[in-house]
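Encoded as structure tokens, the structure appears first; notes follow it.
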There are 2 protein chains.
Amino acid sequence: MADVAARAGVSVATVSKVVNGRYGVAKETVELVQGVIEEMGYAGNLSASSLRMQQTNVLGILVASFEPFSAELLKGAAAAAEGSGYELLAHSGGDNHGWERRSLARLGGTLIAGAVLVTPTVLDARTVVPVVAIDPHYGPNRLPTIDADSFTGAEQATEHLISLGHRRIAFLGGRSELDSAHLREAGYRNAMAEAGIPVDQALVRETRYVPDRAAEVTRELLMMKDRPTAIFAANDITAMRAMDVAHEFGLAVPEDLSIVGFDDVPEASLATPSLTTVRQPMQSMGAAAMTMLLDLINGVEREPHVRMATELVVRGTTTEPPVELVTAVEPALVVPAARGAVDA
Amino acid sequence: MADVAARAGVSVATVSKVVNGRYGVAKETVELVQGVIEEMGYAGNLSASSLRMQQTNVLGILVASFEPFSAELLKGAAAAAEGSGYELLAHSGGDNHGWERRSLARLGGTLIAGAVLVTPTVLDARTVVPVVAIDPHYGPNRLPTIDADSFTGAEQATEHLISLGHRRIAFLGGRSELDSAHLREAGYRNAMAEAGIPVDQALVRETRYVPDRAAEVTRELLMMKDRPTAIFAANDITAMRAMDVAHEFGLAVPEDLSIVGFDDVPEASLATPSLTTVRQPMQSMGAAAMTMLLDLINGVEREPHVRMATELVVRGTTTEPPVELVTAVEPALVVPAARGAVDA
DNA sequence: CTGTTAGCGCTTTCAG
DNA sequence: CTGAAAGCGCTAACAG
């Protein structure tokens with residue numbers, strides 16, 4: 001800006017006024033300065049101006065990392081922000097603990113005027129800027145929130161497997177801090193209970209949504225003597241890793257092992273075979289979060305919690321269990337039941 | 001930071017030293033300050049620190065808007081940046097002219113240490129920070145660049161339609177400022193020429209990749225008395241809008257009208273029927289760009305231009321042209337040919 | 001109408 | 001080892 005001022009023969013203050021369209025500058029001066037700005041291709045430094053003004057016209061989308069799920073949310077949020085007059089800044093803070101608080105503190109207040117947080121886990125208190133959470137942590141939560149009906153979705157997925165004849169159904173859980181992860185496990189357990197199938201604790205595992213961890217857990221499951229005939233994973237990425245491991249073991253999916261995921265990220269339908277999964281409307285969720293954020297900023301009153309419907313999408317990774325395993329497994333199931341302890 | 005200093009009973013200078021791990025602070029003071037930081041959940045203001053330091057550990061991905069294409073690039077770039085020690089900031093500057101220069105000026109120098117630019121059109125000169133372009137503008141270009149082989153991809157798409165028996169093939173062009181858009185049109189024209197099919201100029205249209213514009217152009221094409229039997233669109237989004245318009249007109253895709261896109265964004269395979277398209281390896285392109293940027297920053301010498309292969313993906317939107325149109329059109333084609341001018 | 005001045009939150013000399 | 005002071009690029013009062 002100093003360069004522009006020097007070239008135009010005015011002070012930086014004057015340039016600043018021109019840039020921000022403030023009153024009190026002679027028409028000729030405005031034109032002169034604008035000419036120089038054009039010619040030099042000057043554009044103000046965002047850090048400096050936002051630091052000074054204590055406000056911006058930028059909204060943030062804060063994620064732990066840019067994976068398929070957050071990318072879908074981003075598309076939806078961007079579409080909703082279109083025409084709002086705000087620019088968008090998406091920030092990935094790295095997966096380390098407390099990224100949400102850290103990102104928000106680093107960007108909030110100056111750089112961004114508000115934020116959409118994706119799967120935050122360590123945040124609840126009042127924040128510096130308006131915030132909307134997508135799929136946040138388990139437990140009491142005062143943040144305006146968008147999420148999907150994970151419980152029902154998980155029930156549907158599990159019922160689908162049960163209706164195909166599966167009894168030994170493993171559950172690859174997500175991150176226990178997330179409300180959605182809890183609900184998916186609860187939905188699984190509920191569907192099993194309703195069908196009168198005892199849940200074998202050895203088949204309920206946690207992956208923290210880390211693909212390598214999912215692979216490891218799946219290997220352990222498939223090496224069991226009474227291996228499961230189906231796996232329900234709490235998200236698509238881990239489900240797809242489970243598919244990879246099945247192939248490692250020489251098992252055909254779905255003939256030898258059925259797999260269901262959760263989310264319906266674009267990659268799910270592109271897998272071979274394409275993944276049966278529970279769809280959450282990610283782009284709509286992103287858009288809803290952005291709309292809610294905009295409302296918050298503009299002081300529009302509204303219901304601060306939106307839960308969206310999920311939908312089972314049956315594709316190529318689920319079918320009846322292999323006959324030899326069904327018959328081989330049934331007796332094993334009967335023994336503990338006979339002890340009267342399992343069939344809750 | 002002042003709050004932390006006050007609470008710890010030290011100066012802000014000392015807090016700063018602790019935060020940045022500078023030498024020359026008593027061990028006890030360090031621990032005291034760190035305790036307070038922890039307790040207060042303090043995290044430094046990115047604008048302020050980067051403004052002062054004139055450098056950051058953040059890399060930018062600058063796009064006009066977050067649509068499916070840039071979202072895929074983003075996933076790839078994020079994967080490549082993993083473990084590099086850099087955080088990522090994706091910025092959408094709004095679609096207005098000159099967004100690339102503007103975004104770069106506003107973020108560069110202070111906020112970000114380097115940037116990947118997606119489809120920039122008004123940038124060439126030396127920039128403040130290292131920059132890598134993905135799919136940049138037409139004409140001489142000194143920026144390190146990643147792009148896909150649009151020419152060959154467009155040829156393959158057009159040949160595919162020709163081999164199915166299509167002769168009246170429309171081309172929905174992209175943004176003429178982009179090199180890739182030129183190459184796609186050139187590939188189309190080349191394939192037509194090789195097959196000895198004259199290109200009807202009325203069938204070659206521009207959409208600027210604006211969906212609504214694509215819809216409008218498609219309507220015009222479908223209202224022609226000699227309407228095309230196939231449309232090759234320069235990207236998937238416009239191709240999908242063309243599908244919508246075909247349905248408006250009561251035309252079945254592909255029976256009445258074949259359509260081919262370009263990109264293979266996730267949405268393409270999810271369309272009904274799923275879109276035949278030319279795949280560019282978007283995630284790999286994003287990763288390659290990020291790797292190149294990292295090399296640039298670290299002073300690693302390497303070839304500054306990478307062109308990636310494309311691949312025709314035949315799905316559900318292409319088939320033979322309807323019989324009545326083939327026979328109806330042939331004579332029209334013969335007349336100008338008889339004049340000896342067209343069959344170049 | 002224009003320029004001088006102070007200060008946004010932070011880091012970095014440089015005295016104490 | 002610690003703190004006072006200057007300054008990063010910008011904007012908002014306020015004088016001139």
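Only this structure's heavy atoms are used, side chains among them; waters, hydrogens and symmetry mates stay out. Numbers restart at 1 for each chain; the letters A, B, ... are given by sequence-line order, proteins then strands.
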A:Ser16 side chain vs A:Val12 backbone, donor-acceptor pair below 3.5 Å: no

OP1 or OP2 of D:dC10 under 4.0 Å from side-chain N/O of A:Ser16: no

Gap between atoms CD and C1', on B:Glu28 and D:dT2 respectively (whole Å): 13 Å

Those residues of residues 33-58 of chain A lying under 4.0 Å from DNA chain D by at least one heavy atom: A:Tyr42, A:Gly44, A:Asn45, A:Ala48, A:Ser49, A:Arg52, A:Met53

Sidechain-backbone polar pair: B:Glu67 side chain, B:Phe69 backbone, donor-acceptor under 3.5 Å: yes

Side-chain donor/acceptor of A:Ser180 to backbone N/O of A:Leu178, under 3.5 Å: no

Check: B:Arg106 side chain, B:Leu104 main-chain N or O, donor-acceptor pair, under 3.5 Å: no

Interatomic distance where CG belongs to A:Leu111 and C1' belongs to D:dG9 [whole Å]: 14 Å

Within residues 3-11 of chain B, residues whose heavy atoms come under 4.0 Å of DNA chain D: B:Val10, B:Ser11

Spatial distance of atom OH (A:Tyr42) from atom CZ (B:Arg101) [nearest 0.5 Å]: 14.5 Å

Residue whose nearest DNA chain D nucleotide is more 5′ - A:Val15 or B:Ala26: B:Ala26

side-chain contact (heavy atoms from CB on, under 4.5 Å) evaluation trace for A:Ile112 with A:Leu59: CA-CA 5 Å; A:Ile112 56 177; A:Leu59 297 178; 5.9 Å; no

B:Thr145 versus B:Asn141, side-chain donor and acceptor atoms under 3.5 Å: yes

Short side-chain donor-acceptor distance under 3.5 Å, A:Asn45 and B:Thr110: yes

Which atom of B:Pro120 lies closest to which atom of B:Ala133, heavy atoms considered: CG-CB, 3.9 Å

Considering all heavy atoms, the nearest B:Leu293-B:Gly114 contact: CD2-C, 3.9 Å

Contact under 4.0 Å: B:Thr29 side-chain N or O vs D:dT2 OP1/OP2: yes

SB check B:Glu39 B:Arg7 (cutoff 4.0 Å): yes

Opening and closing nucleotides of DNA chain C in contact with chain B, under 4.0 Å to non-hydrogen atoms: C:dG9 to C:dT12

Set of residues satisfying side chain to side chain contact (heavy atoms under 4.5 Å, CB included) with respect to B:Thr29, sequence neighbours excluded: B:Val10, B:Thr14, B:Val25, B:Ala26, B:Val33

Whether B:Glu87 side chain and A:His91 backbone form a donor-acceptor pair below 3.5 Å: no

Strand DNA chain D in bracket notation, Watson-Crick/G-U under 3.5 Å with | for pairs to another chain: ||||||||||||||||

Residue pair B:Met292 / B:Pro144: nearest heavy atoms and the distance that separates them: SD-CB, 3.7 Å

Residue pair A:Tyr138 / A:Ser176: nearest heavy atoms and the distance that separates them: CB-O, 4.2 Å

Tabulated below should be each protein N or O lying under 3.5 Å from an N or O of nucleotides 14-16 of chain D; please produce it.
none

